Each structure stands twice: as C-alpha cells, then as structure tokens.
Amino acid sequence: MKIKLEENWTTNNGGVALNDSEVERYIAVRPTAAQVEHSKKPFYCFIHFGMNTATGREWGNGTEKVEDFDIETVNPKQWAKAVKASGATGIILTCKHHDGFCLWNTGTTDFNVMKSPYGLDIVGMTASACRDEGLDFGVYLSPWDMHEEKYATPIYNDIFCRQLTELLTGYGEIFEVWFDGAKGAEAKEFEYDWERYYKLVRTLQPNANIAICGPDIRWVGNEAGQARDCEYSVVPEYLTRAETVQKSSQQALTDAEKLQKIKSSDEDLGSRKVISKNANLTWYPAEVDVSIRKGWFWSPDTDSTVKSSKKLFEMYLNSVGNNAFLLLNVPPNDRGVISRKETRTLKNLGKKIAAIYENPVLVKKLGEMRDGYLEFKFPTECKISYCSISEDIRMSQRVEKFDLFVIKPNGKYKRVCKGGIIGSKKIIKINSSCIGAIFVIRQSRSTPYIDEIAFYSE
C-alpha cells in the first residue's frame, strides 16, 4: 500500500494550527507531580467491604445496628495477595459507606467496627497488609451518612472532617482519596463543604490524588468498564465539579444498573472544538471503575456474574491502554476473604497483563520529536503482539492523531492503528509477523514529546 508519510505534523498538521496562542493555552495545562506519579501505576483495586457484606445489602437502609456486623473473620492479608497477583498496584478500601458504619477506631461515633462483635480495626489491618505486599493504600469515605443524626446540619461537616483526619493521619501514606456524590433521593438536602475537604487532604496527604468528587481524577462516566475512543486529560475545568452536584451522581440503588449500560465512546470532552469554547482548562485524567461481579458488595446471589479474566483483560486494554486508570472492585465475602473463583480470575488476569511486556523486541526512549515519522527495524522477523506508546505527559497531552504501520516480511506496509490521542499510555494489539514498523504523527498541539515506544512479541 502507498502511505503518505509527508502528511504529518511537520507539514499540514491535519489542517489545524501547530503553534499559536490558543495551542499554547492548551499545552500550558500539565499534570501535578502527584498526577504524574499516579500515571505510573494506572491499575489498582477497590475493596467494598463493611456492614453491607454482613447484611447482604448493596446500600444500607439506615436501620442497621452495630451488632449486625457479625462477620467473625476478616483476612486483609489474603485480599492484598489476591490483588497483587492481578498486577494491580494498590487498594482503595470503603472505610465508610452510605450506611455510616466505620471500619476503624473512630472517635466520632460508636457505630464502628470496634464496638461490633469483631472488634478489630479493619482499616489498620488493610493498610498493614498493603505495606507487606508493596501495595499503595487509599481510602473511600462516603459523604452521605444514613446513620449520623447530625447529618444535614453544619456540625456534620465537622464530623466528616474529623473522620477524614483520622484516616489521613493514622494509616501511613495514602495514594488516593475517593469521594462520590451518591445520595438517596429521600436524603435531606445538604451541601457538603467540598473545598474544606480538599484543603484537609492537601494539608495532611499532599501526595494523594482526590477522585471522583475531586479535582485530580475524574469519573469516566459509567460503571461498565468503558473508556472513550479518545480519553483526553486536558478538559474544561468545570468537570472537576460535575460529580459534586447530586443530580449528576447516583441517587438511588437502581441507578447502578442504569450506569452499567451507558455507552460513552462517542462523548467528546477534550477536542479542540470543545476546549476552545472554555476559558478555564485543567489536567483531569479519567478513572474507569468497574466491579468484578454484579454489584459493588459481595452477595451469594451474584457468584455466577463474576467476569472472566479475558473480559477483565479487555477492560485493562480499553482503560490503561487508552489513557485512563482502571479501578477494579473486588469485594470480599462474609467469611472475610475474596472467593476462590475471584482469586483465580485475578491471578489469570495478572498473567495476561504480564505477558504483554514479557518479550520486548524493541524499546525506544524518544523525547522531543524532530521528524514527522519514525521507522524502526526489528533485529529479526518476529510476530509482534503489542505496541505500547507513551507521551511525556509532563509536557501536556499533545498528540491528536497518529498512524502505526508494520512492515511485513515481504516489505509491504500494513496499517495496524489509525489512532487519536495517546496520553500516558496507548496499547495497540497487533498480532502480525513483521520486520519493522513506522510511526507517523499526523496532528499535534505543538511539537510532540514521546516518552517511549515499545514493541513486544509473543
């Protein structure tokens, strides 16, 4: 096939401006040091565990008593080992869900695990297990609290900040603080003091990123493991407040089913057409949150819904391999462990992820690109399974369109990817015998900076 290599960013740049004041405005938006570090560990796990695990509910109903948490054994060490086997690098624990039951020794309420028959600090146990396995530890703290009598009064914001302070000062380094705006339609009207919460996190855990109702990591927009074809990191600043508005968040238990069905691949959050109309922009990468089974908490009724390692691997490629973070929920059962079926699935997922990178054929560090395209010759003819490309996001997100070709053993070219954005990582599945490859950037916001391009064989 004939390929027009001259049509690249150094020539017509796809017919749009390569450098002007507007482009300078776009590329001036760059990640914080904490966001850069987060991009190096893009896959981690959610652990939904608590009162709902004991009662068999997905959401509490506000009538639970501390005695209802009657689980006799809890094994965070097993959780950490199962998560580590999946290839994930961290755990975020639901320290308090909407029912208000706290999994740590809090001084804010007697509705906590220390007053239950179990009587041990599960947050502390989980944080310790993460450290033992070399995993990062993060916390989820639900702003909505069905149990707290002072909810929807100004005093509640004080209580919430005390709880947040306990979590951020008592359990070591926190890599992510996860908030949501879920609130039942029957809940009292109440404005959370988000700015106060954010300031507290910045003060007590300056290296932590705040998601989803937060300014550092945004919700991808569904709970089905779907990322957009072009998942931009430079987006309108107003999106950092989108999930803090109740009407944009989950308002009922049944909403989870609706969210599972959302298709967001056609949504555009960061093209030039969109951001040119917004004066304020920010670096706000997406996080894909999805559960390994139907529902976020364990239930014996959902054992048959556990996703296969093949399905989860597809989600990994669609999220981590598409400039997004993957947050995979793995809920322990009422015996305090992640089930055998799920531990096997996680282990197999880890093997599939590791297999991508096991056999590097060619790995190149590039930096600032001077030419419109790069040609690579492999040491020998081989079957290339994957190509991984990463921008140097410290210089912002610049690439808007690119092509990747492989050179077949007969010398002919085959296009294996007609891509849009790259960002922190783009993983391209190839599965083709070849002797080389050609990488062409068709359109960019100013000069592109490519951190690395790598080719892997089976």
Side-chain angles (χ1 to χ4, degrees), residues 43-60 64 66-97 99 101-105 112-140 171-172 178 289-309 311-312 326-353:
F43 170 37
Y44 37 96
C45 287
F46 227 158
I47 296 286
H48 273 67
F49 184 78
M51 183 61 75
N52 291 338
T53 313
T55 61
R57 300 187 179 108
E58 188 67 13
W59 273 16
E64 294 87 358
V66 71
E67 298 82 20
D68 293 334
F69 188 78
D70 57 359
I71 295 176
E72 296 180 356
T73 59
V74 182
N75 191 350
K77 290 184 178 181
Q78 187 259 357
W79 306 350
K81 289 183 183 297
V83 167
K84 183 74 174 288
S86 75
T89 58
I91 285 176
I92 298 175
L93 176 67
T94 55
C95 302
K96 183 188 79 169
H97 206 253
D99 50 69
F101 184 66
C102 298
L103 295 184
W104 75 99
N105 188 16
N112 72 74
V113 68
M114 307 303 291
K115 304 294 184 180
S116 75
Y118 184 67
L120 295 175
D121 186 329
I122 295 174
V123 175
M125 294 165 63
T126 307
S128 178
C130 285
R131 285 193 295 271
D132 290 346
E133 291 297 327
L135 298 173
D136 296 326
F137 181 61
V139 297
Y140 165 95
Y171 300 99
W178 210 95
D289 60 323
V290 62
S291 188
I292 197 170
R293 60 169 62 210
K294 183 178 180 181
W296 292 92
F297 284 90
W298 173 86
S299 167
D301 297 334
T302 60
D303 284 346
S304 63
T305 68
V306 174
K307 296 176 178 65
S308 67
S309 59
K311 178 66 175 178
L312 294 176
L326 175 59
L327 176 58
L328 174 63
N329 179 59
V330 188
N333 60 29
D334 60 359
R335 298 185 301 281
V337 296
I338 296 171
S339 74
R340 289 183 180 181
K341 184 175 183 179
E342 280 152 312
T343 54
R344 286 196 300 268
T345 298
L346 292 173
K347 186 175 182 179
N348 288 334
L349 172 61
K351 289 179 179 179
K352 291 178 183 295
I353 293 172

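As the structure is a computational prediction, the values presented were derived from the model and not from experiment.
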- Keeping the roles fixed (side chain from Asn52, backbone from Glu58), state whether a donor-acceptor pair exists under 3.5 Å. yes
- Task: Give the C-alpha distance, both sets of side-chain angles, the deciding distance and a yes or no for side chain to side chain contact (heavy atoms under 4.5 Å, CB included) between Val290 and Leu328.
- Result: CA-CA 5 Å; Val290 62; Leu328 174 63; 4.1 Å; yes
- Item | Of all pairs that satisfy ring pair (Phe, Tyr, Trp, His ring centres under 6.0 Å), the ones with a partner from residues 67-91, not counting sequence neighbours | Phe49-Trp79, Phe69-Phe101
- Does Asp303 offer a backbone N or O that forms a donor-acceptor pair with the side chain of Lys341 under 3.5 Å? yes
- For the side chain of Ser86 and the backbone of Val83, is there at least one donor-acceptor N/O pair under 3.5 Å apart? yes
- Query: Under the 3.5 angstrom rule, does the side chain of Glu67 hit a backbone N or O of Pro117 as a donor-acceptor pair?
  - Reply: no
- Backbone of Val337 reached by a side-chain donor or acceptor of Asn75 within 3.5 Å: no
- Look only at the side chain of Ser299 and the backbone of Arg57, and say whether a donor-acceptor pair between them is shorter than 3.5 Å. no
- Can any side-chain N or O of Thr305 pair as donor or acceptor with the backbone N or O of Lys294 at less than 3.5 Å? yes
- Query: Is Ser339 reaching over with its side chain to a backbone N or O of Pro332, donor-acceptor style, under 3.5 angstrom?
  - Reply: no
- Item | Main-chain N/O of Arg335 paired with Thr73 side-chain donor or acceptor, under 3.5 Å | yes
- Query: For Thr126 and Leu103, what are the C-alpha separation, side-chain angles and deciding distance, and is it a side chain to side chain contact (heavy atoms under 4.5 Å, CB included)?
  - Reply: CA-CA 10 Å; Thr126 307; Leu103 295 184; over 6 Å; no
- Sub-3.5 Å donor-acceptor pair from the side chain of Arg293 to the main-chain atoms of Pro331, do we have one? no
- Task: Check whether any side-chain heavy atom of Val74 sits under 4.5 Å from a side-chain heavy atom of Leu120, and report yes or no.
- Result: no
- Message: For Phe46 together with Trp178, are the ring centres under 6.0 Å from each other?
- Response: yes
